[in-house]
**Student:** 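One structure, pasted below without further comment.
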Amino acid sequence: MTTANTSEPFSETRIVTRRLHERPDDSWTIDGALASGAYDSLRQVLAQGDPSAVQAEATASGLRGRGGANFSTGQKWSFLPKDTFPRYLVVNGDEGEPSTFKDRMLLERDPHQLLEGIVIASYAIQCNLAFIYVRGEFALGHDRLMRAIADARAKGFIGKDIQGSGFDLDVVVHRGAGAYICGEETALLESLEGERGMPRLKPPFPAIEGLYAKPTVVNNVETLSTLPHIVRMGGEEYAKLGMARSTGTRVCALSGHVKRPGNYEVEFGCTFRDIIFGLGGGIRDDNALKFFLPGGASFQWLVEEHLDEPYDMDHAAQKLGTSLGSGAVMVFDETTDPVRVAWRLAKFYSHESCGKCTPCREGTGWVEKILYRILHGYASPEDFEMVCDVADNISPNFMAAPFNQTTLCPLGPSVASPIASLAKYYRDEIIERIAAQQAEVPA
Amino acid sequence: MFTDDNRARARDIVAQYPRARSAIMPLAYLAQDQHGWLPPEAIPEIAEFCGVSAAEVQGTVSFYTMFKRRPCGRLVVSVCTNVTCLVVGGPEILEHLEVKYASDDDVTVEEVECLAACGNAPSMQVNYEFHERLTPEVAEAIVEDYKAGRLAARTVSGTPQ
Ligand SMILES: Cc1cc2nc3c(=O)[nH]c(=O)nc-3n(C[C@H](O)[C@H](O)[C@H](O)COP(=O)(O)O)c2cc1C
Ligand code: SF4
Ligand code: FES
């Protein structure tokens with residue numbers, strides 16, 4: 001069966017990606033950004049002079065974090081204890097979730113939009129020092145960000161007495177150095193403090209005890225890049241976009257076996273078909289779709305029958321047993337061996353495990369090894385049950401979603417998602433495959 | 001040992017942070033840029049700037065793969081084999097470059113996780129400059145361009161030079 005051409009063309013709703021598309025040659029420069037309205041929202045906020053009004057707009061907008069956990073931004077800010085200073089804003093630009101490449105684009109091609117969002121957020125929560133943690137590998141993004149900060153400082157958008165408002169904000173950029181786990185917010189804080197990037201036990205949450213044990217808000221690059229638009233449109237107007245509790249737009253990083261991979265900004269409430277076929281042009285060579293990962297590597301896979309499900313955070317979590325996670329959609333066609341994909345994901349988690357919790361440190365390695373055996377024809381009949389058992393030790397009742405956690409952070413349990421997906425869609429196939437391998441082994 | 005210029009830079013970096021210890025990673029990058037890798041001699045000096053022991057600096061830097069604690073080529077070629085690259089030829093590029101540069105001291109080829117360049121997979125970086133939509137032949141030609149100086153390389157930390 002082929003799934004080609006079964007969708008109407010579909011259009012993006014460009015809000016955070018508008019400038020970078022409209023000004024492909026200079027969107028990242030101060031002149032290009034100012035010519036397309038950068039820092040207007042900041043001026044508006046400072047002229048109004050009421051930090052709590054900004055918080056109220058953020059809450060009214062229904063904005064939920066775009067880093068992967070989908071938590072309400074306004075609510076997160078409200079957890080900061082009153083009257084405890086200093087406090088910090090920490091920007092998460094560590095983007096390492098497999099097949100997620102939207103924050104890199106926003107950093108490289110619209111750093112002033114991010115900076116404007118950072119100053120607005122800092123004003124809203126009344127912090128005077130913000131840190132941007134940029135993934136170490138993003139050399140160009142880092143260069144452009146440093147340049148943008150210098151230019152914004154020269155124009156009085158960062159630094160002392162911003163635009164004559166009396167508000168001060170300094171921004172420090174901190175480069176990561178090749179550790180996926182540092183995207184997890186408490187590991188990120190450890191890394192910023194000069195430690196090995198190992199997650200902390202929560203609570204206390206960063207809002208209470210974060211960077212240097214001070215109240216801290218950690219927000220994602222895309223989340224903060226959205227703020228200038230929420231200010232400009234008004235929170236309620238923004239909330240009219242999208243569906244239900246998934247308001248606004250999301251930059252969806254589409255990759256894999258599609259004709260036109262890339263970043264597409266879509267309104268929540270469209271369907272996976274709109275994204276994969278309407279925007280992505282469908283499967284390459286008009287092959288059949290085998291499966292797709294709807295939100296990065298860490299959540300359960302979906303298949304053909306889910307194409308018409310709405311792209312909505314709560315629907316994904318409650319009805320589909322998965323998550324829209326980091327906003328990546330990875331597509332695999334009929335030529336793909338699902339065991340190979342699951343093995344490579346397990347290898348990733350095993351490599352990136354920080355080693356603090358035993359189920360994750362040991363379990364991810366075991367999952368990788370067993371899948372390797374199945375992949376290369378060395379498996380024994382009990383191996384598939386064994387890999388499910390290991391997954392169950394890392395994430396009890398591993399087929400359940402959202403996953404259960406026996407570990408300090410969700411990295412370890414994430415490896416249960418590819419295993420659960422194999423068990424759900426390909427169990428019989430895999431068991432037969434192992435039996436066939438057995439038959440080939442001489443007695 | 002840091003050059004005088006780098007000592008001045010190191011002091012500025014430390015001053016950016018509320019606590020000196022936070023400067024361990026940026027100072028490790030600074031030392032790596034100066035030496036072409038992160039040699040053991042750099043560790044006590046970073047420790048001194050950050051007001052911690054050498055063991056603490058070692059503990060931190062050994063966590064992060066971008067700090068090269070063994071000598072590496074002047075070109076670090078990072079080839080992605082994570083799942084999107086996996087299904088469109090990433091492993092074949094890795095193997096090709098590994099074989100080609102096995103005994104070339106200028107070039108260190110490494111396998112890396114997703115580089116956030118999956119929209120144009122398969123992808124690699126050379127000293128953290130992105131190169132996308134590759135084939136083994138195109139990837140090799142790019143490395144050759146860097147070797148011959150036809151492409152300007154960043155440092156092995158990705159700093160422009
Ligand atoms: C293993 C792991 C990796 C993560 N990586 C990232 C990342 O690269 N970028 C990011 O913004 N959030 C990442 N997160 C989520 C962060 O912990 C945090 O929820 C987020 O930065 C909060 O910002 P937001 O509310 O604006 O989304 C990761 C979480 C986990 C458990
Ligand atoms: S789950 Fe894994 S990555 Fe997370 S804290 Fe435990 S060992 Fe580290
Ligand atoms: S999977 Fe290779 S760049 Fe993302």
Side-chain angles (χ1 to χ4, degrees), chain A residues 86 88 95-105 129 131 135-140 142-143 170 172 174-180 182 191-198 211-212 214 253-257 261-263 293 297 328 330 332-333 335-337 340-341 344-345 347-348 351-352 354, chain B residues 13 16-29 32 38 46 50-52 56-57 59-68 78 80-88 90-91 110-121 123 125 127-130 132 154-155 157-160:
Chain A
Y88 301 112
E95 192 172 61
E97 182 74 13
S99 297
T100 311
F101 46 96
K102 61 183 180 79
D103 294 339
R104 180 188 147 212
M105 177 180 76
L129 185 54
F131 293 87
R135 181 170 169 188
E137 290 88 340
F138 291 176
L140 177 64
H142 179 264
D143 293 353
D170 228 321
V172 174
H174 191 92
R175 283 183 73 195
Y180 164 68
C182 290
S191 184
L192 248 176
E193 291 184 10
E195 304 281 349
R196 293 168 80 82
M198 292 175 149
L211 186 62
Y212 310 121
K214 298 289 189 290
L254 178 66
S255 70
H257 292 147
N263 279 313
L293 280 61
M330 270 178 257
F332 296 93
D333 72 9
T335 66
T336 314
D337 177 355
R340 186 157 180 250
V341 172
R344 186 60 186 83
L345 292 176
K347 180 174 164 178
F348 165 74
H351 181 241
E352 299 298 335
C354 83
Chain B
I13 291 171
Q16 285 190 309
Y17 293 96
R19 290 189 196 166
R21 186 182 175 120
S22 288
I24 292 177
M25 290 168 69
L27 294 194
Y29 274 129
Q32 183 159 284
L38 185 58
I46 295 170
C50 299
V52 298
E56 286 171 290
V57 173
T60 296
V61 297
S62 61
F63 187 80
Y64 299 94
T65 52
M66 285 177 66
F67 297 129
K68 303 299 180 201
S78 313
C80 173
T81 60
N82 208 304
V83 286
T84 299
C85 291
L86 178 79
V87 296
V88 294
E110 55 180 27
E111 177 179 18
V112 296
E113 299 299 350
C114 175
L115 289 167
C118 341
N120 296 312
S123 306
Q125 293 186 312
N127 291 6
Y128 305 101
E129 199 76 68
F130 282 99
E132 306 174 25
R154 293 171 180 270
T155 68
S157 305
T159 313

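Within every chain, numbering begins at 1; the chains are lettered A, B, ... in the order of the sequence lines, protein sequences first and strands thereafter.
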**Student:** What's the spacing between A/E95 CD and B/C114 SG if we round to 0.5 Å?
**Tutor:**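 Spacing of CD (A/E95) from SG (B/C114) equals 8.0 Å.
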**Student:** To the nearest 0.5 Å, what is the distance between NE2 on A/H142 and OH on B/Y128?
**Tutor:**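 Rounded to the nearest 0.5 Å, the NE2-OH separation comes out at 14.0 Å.
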**Student:** Tell me, side chain or backbone of B/V88 under 4.5 Å from chain A's heavy atoms, or both, or neither?
**Tutor:**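 Only the side chain of B/V88 comes within 4.5 Å of chain A.
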**Student:** Pick one of side chain, backbone, both or neither for A/T336, based on which atoms fall under 4.5 Å of a heavy atom in chain B.
**Tutor:**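 Contact with chain B: side chain only.
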**Student:** Using a strict cut-off of less than 4.0 Å between a Lys/Arg side-chain nitrogen and an Asp/Glu carboxylate oxygen, indicate whether B/E113 and A/R135 qualify as a salt bridge.
**Tutor:**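 Judged by the 4.0 Å cut-off on N to carboxylate O distance, B/E113 and A/R135 do not form a salt bridge.
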**Student:** Based on non-hydrogen pairs under 4.5 Å, which of A/A179, A/P86, A/G262, A/S191 is most in contact with chain B?
**Tutor:**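 The candidate making the most pairs under 4.5 Å is A/S191.
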**Student:** Just give me the residue among B/I24, B/V61, B/T81 that pairs up with chain A most often, heavy atom to heavy atom, under 4.5 Å.
**Tutor:**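 Max contact count across the listed options: B/T81.
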**Student:** Need one label for B/V57: side chain, backbone, both or neither, based on atoms under 4.5 Å from any heavy atom in chain A.
**Tutor:**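 When you check distances to chain A, no heavy atom of B/V57 falls under 4.5 Å.
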**Student:** Could you tell me which portion of B/Q16 (side chain, backbone, both or neither) has an atom closer than 4.5 angstrom to a non-hydrogen atom of chain A?
**Tutor:**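 Interface part for B/Q16: both.
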**Student:** Can we say A/R196 and B/E56 salt-bridge, meaning some charged N sits less than 4.0 Å from an Asp/Glu carboxylate O?
**Tutor:**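 Not counted as a salt bridge, because no side-chain N and carboxylate O are separated by less than 4.0 Å.
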**Student:** Quick check for you: to the nearest 0.5 Å, what is the distance between B/Q125 atom CD and A/L140 atom CG?
**Tutor:**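 Between B/Q125 CD and A/L140 CG, I get 10.5 Å after rounding to 0.5 Å.
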**Student:** Side chain, backbone, both or neither: which part of B/R19 has a heavy atom under 4.5 Å from chain A?
**Tutor:**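 For B/R19, backbone and side chain are both near chain A.
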**Student:** If you take all heavy atoms of B/A116 and A/T100, which pair is closest and at what distance?
**Tutor:**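 Shortest heavy-atom separation between B/A116 and A/T100 comes out as CB-O, 3.4 Å.
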**Student:** Quick check for you: to the nearest 0.5 Å, what is the distance between A/E193 atom CD and B/R21 atom CZ?
**Tutor:**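 Reported to 0.5 Å precision, the distance equals 9.0 Å.
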**Student:** Out of curiosity, A/M198 CE to B/F63 CZ, how far, rounded to the nearest 0.5 Å?
**Tutor:**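 Answer rounded to 0.5 Å: 5.5 Å.
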**Student:** Nearest 0.5 Å, please: how far is CG in B/L86 from CZ in A/F348?
**Tutor:**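 With rounding to 0.5 Å, CZ (A/F348) is 13.5 Å from CG (B/L86).
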**Student:** With only heavy atoms counted, which part of B/S78 is less than 4.5 Å from chain A, the side chain, the backbone, both or neither?
**Tutor:**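 For B/S78, no heavy atom lies under 4.5 Å from chain A.
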**Student:** Side chain, backbone, both or neither: which part of B/A117 has a non-hydrogen atom closer than 4.5 Å to chain A?
**Tutor:**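 For B/A117, heavy atoms of backbone and side chain both lie under 4.5 Å from chain A.
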**Student:** So, do A/E137 and B/M66 sit near enough that their side-chain heavy atoms are less than 4.5 Å apart?
**Tutor:**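 A side-chain contact under 4.5 Å exists here.
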**Student:** B/Q32 versus chain A, heavy atoms under 4.5 Å apart: side chain, backbone, both or neither?
**Tutor:**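 Interface part for B/Q32: neither.
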**Student:** Highest number of heavy-atom pairs under 4.5 Å with chain B: which of A/G256, A/G197, A/P261, A/S255?
**Tutor:**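 Most heavy-atom pairs within the cutoff with chain B belong to A/G197.
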**Student:** Checking A/F332 against chain B: side chain, backbone, both or neither under 4.5 Å from a heavy atom?
**Tutor:**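 For A/F332, side-chain heavy atoms alone lie under 4.5 Å from chain B.
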**Student:** Is there side-chain contact between B/R154 and A/D143, with at least one heavy-atom pair below 4.5 Å?
**Tutor:**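 Sidechains of A/D143 and B/R154: in contact.
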**Student:** Counting only non-hydrogen atoms closer than 4.5 Å, does A/C354 touch chain B with its backbone (N, CA, C, O), its side chain (CB onward), both, or neither?
**Tutor:**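 Contact with chain B: backbone and side chain both.
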**Student:** Answer whether the closest heavy-atom distance between the side chains of A/L129 and B/P18 falls below 4.5 Å.
**Tutor:**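 Contact flag for A/L129/B/P18 side chains = yes.
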**Student:** Identify the two heavy atoms, one from A/R344 and one from B/V83, that lie closest to each other, and give their separation to 0.1 Å.
**Tutor:**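 What the structure gives for the nearest pair is CB-CG1, 3.9 Å.
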**Student:** side-chain contact (heavy atoms from CB on, under 4.5 Å), that's the test. Do A/K347 and B/E111 meet it? Break it down for me.
**Tutor:** CA-CA 12 Å; A/K347 180 174 164 178; B/E111 177 179 18; 3.2 Å; yes
**Student:** After noting the C-alpha distance and the side-chain angles of B/S22 and A/F131, does the key distance pass the side-chain contact (heavy atoms from CB on, under 4.5 Å) rule?
**Tutor:** CA-CA 11 Å; B/S22 288; A/F131 293 87; over 6 Å; no
**Student:** So, the side chain of A/R175 versus the backbone of B/Y29: is there a donor-acceptor pair under 3.5 Å, distance only?
**Tutor:**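 No, the answer is negative, given that no donor and acceptor are paired below the 3.5 Å cut-off.
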**Student:** Using the six-membered ring wherever Trp is involved, compare the ring planes of B/F130 and A/F138 and label them parallel, tilted or perpendicular (cut-offs 30° and 60°).
**Tutor:**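 Aromatic pair B/F130/A/F138 classed tilted.
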**Student:** Indicate the atoms forming the closest heavy-atom contact of B/T60 with A/G194, along with that distance.
**Tutor:**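 Closest approach of B/T60 to A/G194, heavy atoms only: OG1-O, 2.6 Å.
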**Student:** Which one wins on heavy-atom pair count under 4.5 Å against chain B: A/E97, A/K102, A/H257?
**Tutor:**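 Greatest number of close heavy-atom pairs with chain B: A/H257.
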**Student:** Among the options A/R340, A/E195, A/M105, pick out the one with the most heavy-atom pairs lying under 4.5 Å from chain B.
**Tutor:**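 Result: the option with the highest number of such pairs is A/E195.
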**Student:** Short question: side chain of B/T65, backbone of A/G178 - any donor-acceptor pair under 3.5 Å?
**Tutor:**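 Yes; judged by distance alone, with no hydrogens or angles, the pair exists.
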